[in-house]
Amino acid sequence: MTASAFPHAVLFDHDGTLVDTEPLWESGKQRIVAAHGGEWTEQDTRDTLGRPLAATVQRLSELGVPGSPEEVFREFHAVLEDVLSENPPTFIPGIRPLLDELAAAGIPAAIVTNATSEVARYTAGLAPDNLFRVVVGDEEVAQGVRPKPDPDAYLQAAHRLGVDPRQCVVVEDSPSGAAAGVAADIVTVVVPGVQDVPPGPGIVHVPSHSAVSLELLRSLAPRR
């Protein structure tokens with residue numbers, strides 16, 4: 001990769017962008033709430049989708065899961081581990097070819113998520129060696145990184161990769177994530193997701209995950 005090549009790095013969201021873990025998260029939330037006599041509904045999903053993990057923990061507490069936020073998180077994490085072990089996540093169709101292209105071109109990548117860093121690291125391990133060099137998730141949020149829709153997580157990922165954020169591309173599927181990418185002054189490619197992302201400056205919509213190729217990313221103009 002030459003110094004002038006664009007993009008210098010690609011910053012990926014996790015759930016719904018790289019892997020289809022949303023149904024697994026849903027199953028985990030339903031299980032933990034049901035274990036305490038409650039019900040996790042579609043409205044609960046809509047209210048927390050794309051928001052920081054703390055919003056999910058708060059909703060679980062409101063639905064009857066007892067304990068402090070830390071205790072609720074630990075119980076939910078244990079349930080989620082069981083769900084993931086039963087249904088190991090795999091890349092969404094169309095994403096793996098892009099990852100192979102980035103690896104072959106020597107373009108580094110990061111995973112930036114409001115969800116668990118641990119699950120994101122598992123996903124990073126499925127990719128070509130040394131492609132995902134940075135993961136920013138709930139562990140970093142606990143250390144002071146502001147979650148999406150704030151741009152901080154994407155800016156932190158670019159900084160840790162040693163690249164100018166404006167020379168990166170963000171790949172997202174949610175309104176809050178796209179807002180974070182745009183607020184960071186990073187051109188943001190939006191793949192189809194559970195929630196529609198409205199059009200706007202700095203946003204490039206594509207019809208499918210397989211439409212995101214290195215050729216497409218190189219055709220984009222960096223934000224100014």
Side-chain angles (χ1 to χ4, degrees), residues 1-24 50 88-115 117 119-137 148 153-158 160-182 184-197 199 202-223:
M1 183 181 69
T2 65
S4 61
F6 180 84
H8 290 188
V10 182
L11 315 178
F12 290 89
D13 172 53
H14 186 255
D15 301 324
T17 299
L18 286 172
V19 291
D20 188 16
T21 49
E22 296 293 356
L24 305 183
T90 57
F91 288 118
I92 292 173
I95 282 293
R96 180 68 196 220
L98 171 62
L99 303 183
D100 291 337
E101 285 186 308
L102 295 177
I107 299 174
I111 298 178
V112 181
T113 176
N114 280 346
S117 305
V119 175
R121 285 193 293 268
Y122 173 88
T123 299
L126 302 176
D129 289 346
N130 202 38
L131 174 62
F132 286 112
R133 304 177 190 178
V134 168
V135 169
V136 177
K148 308 172 195 178
Y154 277 120
L155 294 173
Q156 287 283 340
R160 288 171 57 184
L161 285 171
V163 298
D164 182 342
R166 292 169 296 181
Q167 296 298 321
C168 297
V169 173
V170 161
V171 184
E172 269 284 354
D173 78 316
S174 73
S176 65
V182 171
D185 276 337
I186 305 174
V187 62
T188 300
V189 174
V190 174
V191 296
V194 176
Q195 296 176 310
D196 291 335
V197 176
I203 291 179
V204 178
H205 283 86
V206 294
S208 67
H209 289 70
S210 60
V212 188
S213 65
L214 181 54
E215 181 181 8
L216 170 69
L217 300 186
R218 283 181 165 156
S219 74
L220 303 175
R223 298 267 288 170

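Atoms considered below: every heavy atom in the structure, side chains included; atoms not considered: hydrogens, waters and symmetry mates.
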Distance, nearest 0.5 Å, that separates [atom1] of [X] from [atom2] of [Y]:
| X | Y | atom1 | atom2 | result |
| --- | --- | --- | --- | --- |
| Thr21 | Ile92 | OG1 | CD1 | 7.5 Å |
| Ile107 | Leu102 | CD1 | CG | 5.5 Å |
| Leu11 | Phe132 | CG | CZ | 10.0 Å |
| Thr17 | His209 | OG1 | NE2 | 5.5 Å |

_Side chain to side chain, Val170 and Val112, heavy atoms closer than 4.5 Å_ = no

_Quick check: do Tyr122 and Pro89 have side-chain heavy atoms less than 4.5 Å from each other?_
yes

*Show your reasoning for whether side-chain contact (heavy atoms from CB on, under 4.5 Å) applies to Val182 and Tyr154.*
CA-CA 10 Å; Val182 171; Tyr154 277 120; over 6 Å; no

Please list, one pair per line, the donor and acceptor atoms closer than 3.5 Å that link side chains of residues 93-100 to other protein atoms, with sequence neighbours excluded.
residue	atom	partner	partner atom	Å
Arg96	NE	Asp100	OD1	3.0
Arg96	NH1	Leu126	O	2.7
Arg96	NH2	Asp100	OD1	3.4

Under 3.5 Å, is there a donor-acceptor pair between the side chain of [X] and the main chain of [Y]?
| X | Y | result |
| --- | --- | --- |
| Glu101 | Leu214 | yes |
| His8 | Leu161 | no |
| Thr188 | Ile186 | yes |

Shortest non-hydrogen separation from [X] to [Y] and the atoms involved:
| X | Y | answer |
| --- | --- | --- |
| Ala105 | Arg218 | CB-NH2, 3.9 Å |
| Cys168 | Phe6 | O-CZ, 3.8 Å |
| Leu216 | Ala211 | CD2-O, 3.5 Å |
| Gly106 | Arg133 | O-NH2, 4.4 Å |
| Ala153 | Val136 | CB-CG1, 4.0 Å |
| Val197 | Ser174 | CG2-C, 3.5 Å |

*More than 12 foreign heavy atoms under 6.0 Å from CG of Asp196: is that the case here?*
no

*With sequence neighbours left out, what residues match Ala120 under side-chain contact (heavy atoms from CB on, under 4.5 Å)?*
His14, Ile111, Thr113, Val135

